[in-house]
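Heads up: the structure comes next, in structure tokens.
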Amino acid sequence: MAKHKPKFIFVVGGVMSSVGKGVTSASIGRIMLAKGLSATAIKADPYINLDAGTMNPTEHGEVFVTEDKDETDQDIGNYERFLNTDILSVNYMTTGRVYDSVIRKERNLEYNGECVEVVPHIPEEIIRRIKKAQRTAKADVTIIEIGGTVGEYQNILFLEAARMMHLKNPEDVAFVLVSYLPIPARVGEMKTKPTQSAARTLNSAGISADFIIARATRPLDKKRRQKLATFCGITEQNAISAPDIDVIYKIPQILEKQKLGDKLLEQLHMRPRKTNMENWNKMVRKITSSEQELKIGVVGKYFGTGDFTLADSYISVIEAIRHASWASNRKPVLTWIDSEAYQKNPAKLKELAKFDGVIVPGGFGTRGVEGIIKAIQYVRENKIPYLGLCYGMQLAMIEIARNKAGLVNANTVEMDPDSADPIIHINPFQATNVRENRYGGTMRLGAYDCKIKPGTLAHKAYNKLTISERHRHRYEFNNKYREILEQSGVVFSGVNPEQDLVEIAEVSDHPWFVGTQFHPEFKSRPLDPHPLYLDFVKACIKHSK
Ligand code: GLN
């Protein structure tokens, strides 16, 4: 049971997408934890997709995998990183999921002959899901981030659910509008009109914002604060300044400086509480004091699309590298390398020598793969620290099979379904999924145990013999090739005990070359950096000397 009557904070976005609702929601959660309350966060996405697994990561951002096998929105990753806890599948819903359960219930006669309608049945299902997530997390404070922007046709039923909850228990529900205030270059002045319009649009859904988080390149001044108060129906103190910042982990501090936590508690008829954010502040101090650079090259496809989409598609990898680097007093500098360049011009591979370490992150499909394999060969032969994540592990095994074990046609069946040496193959169960076009939610997903071989790099990094990590893949290492690769210097240092699947592979005559079938980055947190990333960073630092 929660210690208090459960309270709910809805976070909605105004003016445009990507204003930072996710990080704001996560930061509010962090503040509540610092006040000794339990908190959880929910994402309600307006898509018909049942999960984020079927959406293109360069458009929608990373697919974040939960412990309990769900493919969710990248904001769930933010919640985990800020709240330092696992967020489960119950905390994620899409329009598709909500409709899916209402239709299923209707088919099961659970509506007792009623006419099942969009209103109230859809908002009621949304409310049921919010309450279930609150109970599961035993949360005093539940933050619900509504995807999209107010005024969109798509998220109106989520707003209706919020309005209904507020109507029933006005003391238990608060509304935060995260809005963007542009400063047009030619005008040079921060403009509040678009936010005023967003607040009014919210009013037309029957909701008044209690707080406005003013996202802008610069801090909010007195005049703008007054305008927001007058035209958006909030008090002046409830206009919260949130200017752009170099490190997102400073945001809880910025909001707390303006007493957002206490004001929210007051709004929710709870007493203000002392905040103890010392462990968080200490972590942020460490970030600010890390000056010496660590140069990491990240090789993959997708990278022709510009920095903006990249940062979103690989957010957990980027954050995991940051956490581990900061904890090691280093400032990480990531360089994105499009592997297709190495395919066209192998002479370019030499540039990899300037990095302290190289990562190949997860990926799908065939584009750029031969270039990645060339890059892996280069870092292996030149003893540059290497971390291969999922596809990065599979392709490393292919590289070694081709160039050390003499299996020149080695491949993954994802690239070549008729490969003579399918080092990476597909199990019969997964083959059926693919044959029958059953793609959604059918990969090997979520947490699985892995047994670690004593005396290996993995053992040294984890300092444990059984670990559990999160997965998202359809293909596997083909155990038929285990022996021949071992003879070529590969150590299979982690294996799933139930299914005997390769989970970690390393190279013995190399200072640090590790590939994982899982994605350790999903479990890295700023207060608790991931042990494998920490050990990789340690190897990079050593290599840089
Ligand atoms: N494409 C590979 C597979 O499905 C790797 C997936 C990944 O890197 N997440 O097995």
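Numbering of ligands and ligand atoms starts at 1, following listing order. The residues of the chain are indexed from 1 along the displayed sequence.
Side chain of S27 to main chain of I251: no donor-acceptor pair is present (N/O by atom type, distance under 3.5 Å, no hydrogens or angles). Looking only at distances, a side-chain donor or acceptor of N382 sits under 3.5 Å from a matching main-chain atom of Y378.
For Y391 and H519, the ring centers sit 6.0 Å or farther from each other.
Between E319 and R81 there is no salt bridge, since no side-chain nitrogen of the basic residue lies less than 4.0 Å from a carboxylate oxygen of the acidic one.
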Give a table of atom pairs where an N or O of ligand 1 lies under 3.5 Å from a protein N or O.
| from | atom 1 | to | atom 2 | distance (Å) |
| --- | --- | --- | --- | --- |
| ligand 1 | 1 (N) | G363 | O | 2.9 |
| ligand 1 | 1 (N) | E414 | OE1 | 2.7 |
| ligand 1 | 1 (N) | E414 | OE2 | 3.1 |
| ligand 1 | 4 (O) | R474 | N | 2.9 |
| ligand 1 | 8 (O) | G363 | N | 2.9 |
| ligand 1 | 8 (O) | G363 | O | 3.4 |
| ligand 1 | 8 (O) | Y391 | N | 3.0 |
| ligand 1 | 9 (N) | R472 | O | 2.9 |
| ligand 1 | 9 (N) | H519 | NE2 | 3.2 |
| ligand 1 | 10 (O) | Q394 | NE2 | 3.1 |
| ligand 1 | 10 (O) | R474 | N | 3.1 |
| ligand 1 | 10 (O) | Y475 | N | 2.8 |

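Classified by interplanar angle (parallel below 30°, tilted 30° to 60°, perpendicular above 60°), the ring pair Y47/H60 is perpendicular.
Shown here are the ring-ring contact (aromatic ring centres under 6.0 Å, His included) partners of F518, two or more places apart in sequence or in another chain: H471.
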